[in-house]
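Please read the structure below before turning to the comments.
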Amino acid sequence: MNVPVNFVIGQISESDFELLHSDYEVTSKMILSRDDFDLFHYAVGDRIQVETDNGNRLWCEILELETLNEEENGRVLLIFTLKKEKS
């Protein structure tokens, strides 16, 4: 049985949240362990949720995605360009 599980891009600023809410693009990042990266794969066109420190959430579409492997510490840095998902 497949269960969809997604990470939330947390700690996005309120100003970035407002830009997304107003249909602007925003660039954000996520750092994953190598094991998490092997389990969860994101791609251009996927949806992902963002959240502010105040708990505001918004579903977004990934417009661009860059993946940087940090071999020495076993982490993967994902750089997302996001836009609010069309309802």
Side-chain angles (χ1 to χ4, degrees):
M1 176 177 175
N2 289 333
V3 177
V5 177
N6 290 311
F7 283 102
V8 174
I9 298 180
Q11 300 178 353
I12 193 166
S13 69
E14 290 293 335
S15 60
D16 281 349
F17 182 85
E18 289 302 321
L19 287 170
L20 284 167
H21 203 275
S22 299
D23 290 325
Y24 288 93
E25 296 176 10
V26 168
T27 301
S28 188
K29 70 180 181 305
M30 178 187 295
I31 300 172
L32 298 176
S33 70
R34 169 59 52 195
D35 290 339
D36 286 343
F37 178 73
D38 290 342
L39 286 174
F40 304 99
H41 298 281
Y42 291 100
V44 171
D46 285 351
R47 59 195 300 251
I48 192 166
Q49 196 172 47
V50 299
E51 181 179 21
T52 67
D53 286 339
N54 293 333
N56 295 319
R57 289 187 174 211
L58 184 66
W59 281 101
C60 295
E61 178 184 352
I62 300 171
L63 299 178
E64 295 178 21
L65 176 62
E66 184 176 353
T67 303
L68 303 171
N69 290 302
E70 298 180 346
E71 297 292 333
E72 67 279 354
N73 58 23
R75 297 185 309 183
V76 179
L77 174 65
L78 302 174
I79 303 171
F80 299 92
T81 300
L82 306 169
K83 189 162 185 178
K84 179 177 76 173
E85 183 178 61
K86 295 184 174 144
S87 344

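Along the sequence shown, the residues carry numbers beginning at 1.
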**Message:** What I want to find out is whether Lys83 reaches Glu25 closely enough, with some N-O distance under 4.0 Å, to be called a salt bridge.
**Reply:** no
**Item:** Counterpart residues, side-chain hydrogen bond (donor to acceptor under 3.5 Å, both in side chains), relative to Thr52 (two or more places apart)
**Value:** Glu14
**Message:** Please enumerate all residues that pass side-chain contact (heavy atoms from CB on, under 4.5 Å) together with Lys29, with sequence neighbours excluded.
**Reply:** Leu77
**Request:** Hey, could you give me the CG/CG distance between Leu78 and Leu32, rounded to the nearest 0.5 Å?
**Result:** 5.0 Å
**Prompt:** Any side-chain heavy atom of Ile48 sitting closer than 4.5 Å to one from Met30?
**Reply:** yes
**Request:** Could you give me the CA-CA distance, side-chain angles and deciding distance for Ile62 and Thr81, then say whether side-chain contact (heavy atoms from CB on, under 4.5 Å) is met?
**Result:** CA-CA 6 Å; Ile62 300 171; Thr81 300; over 6 Å; no
**Asked** Excluding sequence neighbours, so at least two apart, what forms side-chain hydrogen bond (donor to acceptor under 3.5 Å, both in side chains) with Asn69?
**Response** Arg34
**Request:** Following the transitive rule for hydrophobic clusters with a side-chain heavy-atom cut-off under 4.5 Å over Ile, Leu, Val, Met, Phe, Trp and Tyr, establish whether Ile79 and Ile31 coincide in one cluster.
**Result:** yes
**Item:** Rounded distance (nearest 0.5 Å) linking atom OG1 of Thr67 with atom CZ of Phe80
**Value:** 8.0 Å
**Prompt:** So how far is it from Asp23 CG to Lys84 NZ, rounded to the nearest 0.5 Å?
**Reply:** 4.0 Å
**Asked** Quick one: are Leu58 and Ile12 in side-chain contact, heavy atoms under 4.5 Å?
**Response** no
**Request:** Would you kindly confirm whether Leu65 and Leu68 end up in one hydrophobic cluster when ILVMFWY residues are joined by side chain heavy atoms under 4.5 Å apart?
**Result:** no
**Complete:** Ser15 meets the side-chain hydrogen bond (donor to acceptor under 3.5 Å, both in side chains) criterion, sequence neighbours left out, with Ser13
**Item:** Heavy-atom pair with the smallest gap, counting every atom of Ala43 and Asp46
**Value:** N-OD2, 2.8 Å
**Prompt:** What residues, two or more places apart in sequence or in another chain, satisfy side-chain contact (heavy atoms from CB on, under 4.5 Å) together with Glu85?
**Reply:** Arg47, Trp59
**Prompt:** How far does CZ of Arg57 sit from CZ of Phe17, to the nearest 0.5 angstrom?
**Reply:** 11.0 Å
**Item:** Closest non-hydrogen atom pair, Glu61 against Gly45
**Value:** OE2-CA, 3.9 Å
**Request:** Please tell me if the side chains of Ser28 and Val50 come closer than 4.5 Å, counting only heavy atoms from C-beta onward.
**Result:** no
**Request:** Indicate if Val44 and Tyr42 have the same hydrophobic cluster label, given that clusters are the connected sets of ILVMFWY residues with side-chain heavy-atom separations under 4.5 angstrom.
**Result:** yes
**Item:** Qualifying residues under side-chain hydrogen bond (donor to acceptor under 3.5 Å, both in side chains), relative to Asn73, sequence neighbours excluded
**Value:** Glu70
